[in-house]
Number of protein chains: 2
Amino acid sequence: MIKRTLNDYISVDCVIFGYNGQELQVLLVDRTLTDEKTGKSEFTDLTLTGNHIYEDETIEQAAYRVLFDLTGLKNVFLDQFKTFAHPERLKKDNDRKWLIHDGRDPNKRIVSIGYFALLATQSITLEWKGRNVKWVPVSEVGELAFDHNQILNEALIALRNKIKQEPIGFELLPEKFSLTQLQNIYEVILSTELDKRNFRKKIARMKYLIPTDEKQTGVAHKPARLYVFSRDVYEKTKKELFDFTV
Amino acid sequence: MIKRTLNDYISVDCVIFGYNGQELQVLLVDRTLTDEKTGKSEFTDLTLTGNHIYEDETIEQAAYRVLFDLTGLKNVFLDQFKTFAHPERLKKDNDRKWLIHDGRDPNKRIVSIGYFALLATQSITLEWKGRNVKWVPVSEVGELAFDHNQILNEALIALRNKIKQEPIGFELLPEKFSLTQLQNIYEVILSTELDKRNFRKKIARMKYLIPTDEKQTGVAHKPARLYVFSRDVYEKTKKELFDFTV
DNA sequence: CCAAAAGTGTTCAGCGTACACCCATGT
DNA sequence: ACATGGGTGTACGCTGAACACTTTTGG
């Protein structure tokens, strides 16, 4: 194993979205600053997941690395959506204390490249860099560390735009899923209600969403048919269209 | 005037698009490395416009600054589209020589945030940082310095996506423009041909493209009516729609 | 009067939208 | 048997796409 050097001014932040069957969630980690003498905690709050990059990796690899460390998964949907470098982005009191405690220079201008990821599984490491990791419904996210509220907001905007353009909803679901689950994903992300019949007519036109012979089991109602996404078919049917809507 | 410090690892690159009535163009600057002893030029090629950021400005301000230096304009359409930080992005021989000649560290990992801009005017400074500036049709761009071909490609992709979503075509045209000019913009950027009647029906639905009483003058055919874009009307009629097309 | 681009309408097919009832399963 | 969510069809209006001729100007 070669010793790798961390770059101290380029970082990636990953906004990791998940779905619990009800709500859109985001993965956050606790940040507790403990006074080393008294052992008392000075403050506790939450951050997005992220890390500085290694000098020998691309920013995309760094983002995948963060995801892998948290989930053990390699094939996760990932999208670079925006970059953050405001001069004051790490200058709040708590942020400066945290950086100093962490042995980093609080005056160094740090650029962070924002990625958002869609995770089909709810199972994650409970601990990451010694910090607790947890899912939080997007609607219940409070004040975050650094500029992470802004990053989360931009990620949500990017996610909404993306899901209107490309079929990525299923990335938040198990390999086999019901159409009602998929519809819920769209409703939750776009904050709309959709008509069941119209939604299903639309799906029927998308040849890359393929019905299987399997059905739900153990539900106290008519079991739903399960569908799979075919990337093959999708890549073939994909074509650009002229819109300039709005 | 306060002395401002340039950050030596965060830069912005601006892909500045223009339209000459025929083709989509991009603004490029000459890069000639001259051997200081012999006075002979070692190589000449072209780069995008860009610059490192000042420690006291945001990346967006830095991009606007580059644009202002080149054009004297402040209200230019600008969009942050992607960030580039590949470890090898400045490591080609000529690039290393150039950086060394420029007094910069060729081994420093430099992150560049890519912006694309749309310019309605063809008039630009002819010289910028002592280098020649010129418009080049996108279709005739050869091999560029650094990773600038890649940046230009991503900018084109972003431009095509954007123009399908939002009415930005007129940003490449004078304040008053004809519908044929506008149609040409779309055809050139999207590499399609559009039907004149269908295009105009679509425009008619967009209340923010407003016909004036003025007409073209000095043309050897029926003069076209001129239109203006109303940002007011646009902001009011803007609303999201559910698409997930493709 | 000729060349050049402006401007205009209709038809057809596909899609978005609104809307209500029966079906299969577990308890 | 009943509660729960699954699954289906029709009618209307709008939009995209295909397509040809007349009008206005300068030269």
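So that the names make sense, note that chain A is the first sequence line, chain B the second, and so on, each numbered from 1.
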Take atom [atom1] of [X] and atom [atom2] of [N], then tell me their distance rounded to the nearest Å.
X	N	atom1	atom2	result
B/Glu193	D/dA17	CD	P	14 Å
B/Asn184	C/dA5	CG	P	11 Å
A/Gln181	D/dG7	CD	P	11 Å
B/Leu182	C/dA6	CG	P	12 Å
A/Arg225	C/dC23	CZ	P	17 Å
A/Lys196	C/dG16	NZ	P	19 Å
B/Ile203	D/dG16	CD1	P	11 Å
B/Leu179	C/dT8	CG	C1'	13 Å

With a 4.0 Å cutoff (strictly under), does any side-chain N or O of [X] reach OP1 or OP2 of [N]?
X	N	result
A/Lys201	C/dC15	no
B/Arg205	D/dG16	yes
A/Arg197	D/dG7	no
B/Thr180	C/dA5	no

Listing time: all N or O pairs from protein to nucleotides 25-27 of chain C that are below 3.5 Å?
{"residue": "C/dT25", "atom": "O2", "partner": "A/Ala220", "partner atom": "O", "Å": "3.4"}
{"residue": "C/dT25", "atom": "O2", "partner": "A/His221", "partner atom": "N", "Å": "3.3"}

(message) By the definition side chain to side chain contact (heavy atoms under 4.5 Å, CB included), identify the one residue from A/Trp135, A/Tyr115, A/Phe116 that meets it with A/Ile16.
(response)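 Among A/Trp135, A/Tyr115, A/Phe116, the one meeting side chain to side chain contact (heavy atoms under 4.5 Å, CB included) with A/Ile16 is A/Trp135.
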(message) Is there a side-chain contact between A/Leu24 and A/Leu156 in this structure, where contact means two heavy atoms from C-beta onward sitting under 4.5 Å apart?
(response)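 When only atoms from C-beta onward are counted, A/Leu156 and A/Leu24 do touch, with a gap below 4.5 Å.
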(message) Between A/Thr121 and A/Ser123, is there a side-chain donor-acceptor contact under 3.5 Å, judged purely by atom types and distance?
(response)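 Distance-only check passes for A/Ser123 and A/Thr121.
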(message) If you assign each of A/Asn198 and A/Ala224 to its closest nucleotide in DNA chain D, which residue comes earlier from the 5' end?
(response)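 Nearest-nucleotide comparison on DNA chain D picks A/Ala224.
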(request) Could you check B/Glu166 against B/Arg231 for salt bridge (Lys or Arg N to Asp or Glu O under 4.0 Å), going step by step and ending with a plain yes or no? (result) CA-CA 12 Å; B/Glu166 284 176 50; B/Arg231 185 158 304 280; over 6 Å; no
(message) So, applying salt bridge (charged side-chain N to carboxylate O under 4.0 Å, His left out) with B/Asp30, which one of B/Arg131, B/Lys129, B/Lys134 is it?
(response)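 That would be B/Lys134; it is the only one of B/Arg131, B/Lys129, B/Lys134 passing the salt bridge (charged side-chain N to carboxylate O under 4.0 Å, His left out) with B/Asp30.
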(message) With a sphere of 6.0 Å drawn around NZ of B/Lys74, does it hold more than 12 non-hydrogen atoms of other residues, nucleotides or ligands?
(response)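 No - once you tally the heavy atoms of other residues, nucleotides and ligands closer than 6.0 Å, there are 12 at most.
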(message) So, under a plain 3.5 Å distance rule, would you say the side chain of A/Lys202 forms a donor-acceptor pair with the base of C/dG16?
(response)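 No such pair is found, so the answer is no.
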(message) Under the rule for ring pair (Phe, Tyr, Trp, His ring centres under 6.0 Å), what residues qualify as partners of A/Phe229, not counting sequence neighbours?
(response)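 Scan of A/Phe229 (ring pair (Phe, Tyr, Trp, His ring centres under 6.0 Å), adjacent residues dropped) gives A/Phe170, A/Tyr208, A/Tyr234.
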